[in-house]
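One structure is given here, and the rest of the page talks about it.
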Amino acid sequence: MKRDFLHITDFSPEEIQETFALAGEIKAKFQRREDFKPFKDHSMAMIFAKPSARTRVSFETGFFRLGGHALYLGPSDIAIGQREAVKDVARVLARYNDLLMARLFAHEHLLELAKHAAVPVINGLTDYNHPCQIMADMFTILEHRGHLRDLKIVYLGDGNNIVHSWLRLAQRLPFHFVCACPEGYDPDTTTVQAAKDAGLSEVAVSHDPKTAVRDADVVYTDVWASMGQKDQADKRKEQFQAFQVNDALMAAAGHKALFMHCLPAERGVETTDSVMESPASIVFDEAENRMHAQNAVLMKICGKKT
Ligand code: CP
Ligand code: NVA
């Protein structure tokens, strides 16, 4: 049976912990420039319906360094759901490749791709979620703190794809997660409920940013208008102003708070230059860890060992 990675909940708690350990091992091997090629003679097709810097480069470079070849298919190459049926794309690409990675708009298209592809499919972001990002984020937190005990993560901004992946992780690992967003921008209620029902993590949605951030270990934000919503950017700038992660909000969080952002950041909008460049900011460690965490995910779903 092939395994996909479409949601963080596709992994058990043990598999998530094993993936973090594996990411650490792979990172150390890369730093030593060790010859480590578990994906020698493998190829991975990457379908991008949206723009990307980190996801494209971390997958392409990461897979190359593991011995494989990754090929980039941009929005006009595949035009998923427009040029031909998703299930046809799935079957054709699986005939040439050992793995598929996809960044799409509709989550349903990703599910359909995975259903019809005979090879593993990895989610590189959809309108619904971004599991590789949140695996890398939690791995980064683990590196910085040394453990994941008594962890309070406060997300500020839109209740979007990033939030949905945090909520999925909260179903598998115990931590305190608060999504502070303006009214009308709450995350998907079913996903919030599932995180609460799992009974593992303390999960809350708040509309009060200052109270939400108190005693946070991590203050996390993302763009206010995601890819596909850029026409709403001006309206959102007015509605989200109180949720900007600036020096005052970081001060309200307290001295131990780290700052994280999946990037790309709009400096001066959801956060400031000052916070991005502050000692609390670990955004570039976070960006680097995309590659190591994803490599670990790829190895895990393909049953590769170090
Ligand atoms: N964080 C992230 O996924 O960045 P890109 O959109 O540049 O891939
Ligand atoms: N929420 C953002 C994340 C980008 C990595 C988007 O979907 O555009």
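Counting starts at 1 for both ligands and their atoms, following the listed order.
Every N/O-N/O distance between Lys50 and ligand 2 stays at or above 3.5 Å. At under 3.5 Å, not a single nitrogen or oxygen of His130, backbone or side chain, sits near a nitrogen or oxygen of ligand 2. For the pair Leu263 and ligand 2, the shortest N or O to N or O distance does not fall below 3.5 Å. Checked by distance only, ligand 2 and Ser226 come closer than 3.5 Å through their nitrogen or oxygen atoms.
A side-chain donor-acceptor contact under 3.5 Å links Asp98 to the backbone of Ser43. Remark: side-chain polar atoms of Arg103 are not paired, donor with acceptor, to backbone N or O of Ile47 under 3.5 angstrom. In terms of modelled atom types and a separation under 3.5 Å, the side chain of Arg91 and the main chain of His116 share no donor-acceptor contact.
Closest to atom 8 (O) of ligand 2 among all protein heavy atoms lies Met227 N, 2.8 Å. Protein heavy atom in closest approach to atom 7 (O) of ligand 2: Asn161 ND2, 2.9 Å. Annotation: atom 3 (C) of ligand 2 to nearest protein heavy atom, Asp222 OD2, 3.6 Å.
Contact between Asn289 and Thr140 at its shortest, heavy atoms only, is ND2-OG1, 3.0 Å. Annotation for Phe59 and Cys132: closest pair CZ-SG, 3.9 Å, computed over non-hydrogen atoms. Listed here is the closest heavy atom pair of Asn129 and Leu6: ND2-O, 3.0 Å.
With a 4.0 Å heavy-atom cut-off, ligand 2 is reached by the side chain of Leu125 but not by its N, CA, C or O. Neither the backbone nor the side chain of Asp127 has any atom closer than 4.0 Å to an atom of ligand 2 (non-hydrogen atoms only).
Taking the six-membered ring for Trp and the full ring otherwise, Trp224 and Tyr185 have centroids separated by 6.0 Å or more.
Remark: Lys152 does not engage Asp215 in a salt bridge, criterion side-chain N to carboxylate O under 4.0 Å.
Listed as neighbours of ligand 1 are Ser52, Ala53, Arg54, Thr55, Arg103, His130, Gln133, Cys262, Leu263, Arg290, each bearing a heavy atom under 4.0 Å from the ligand.
There is a path of hydrophobic side-chain contacts, each under 4.5 Å, that joins Met291 to Tyr72.
The side chain to side chain donor-acceptor pair (under 3.5 Å) test applied to Glu288 returns His292, not counting sequence neighbours.
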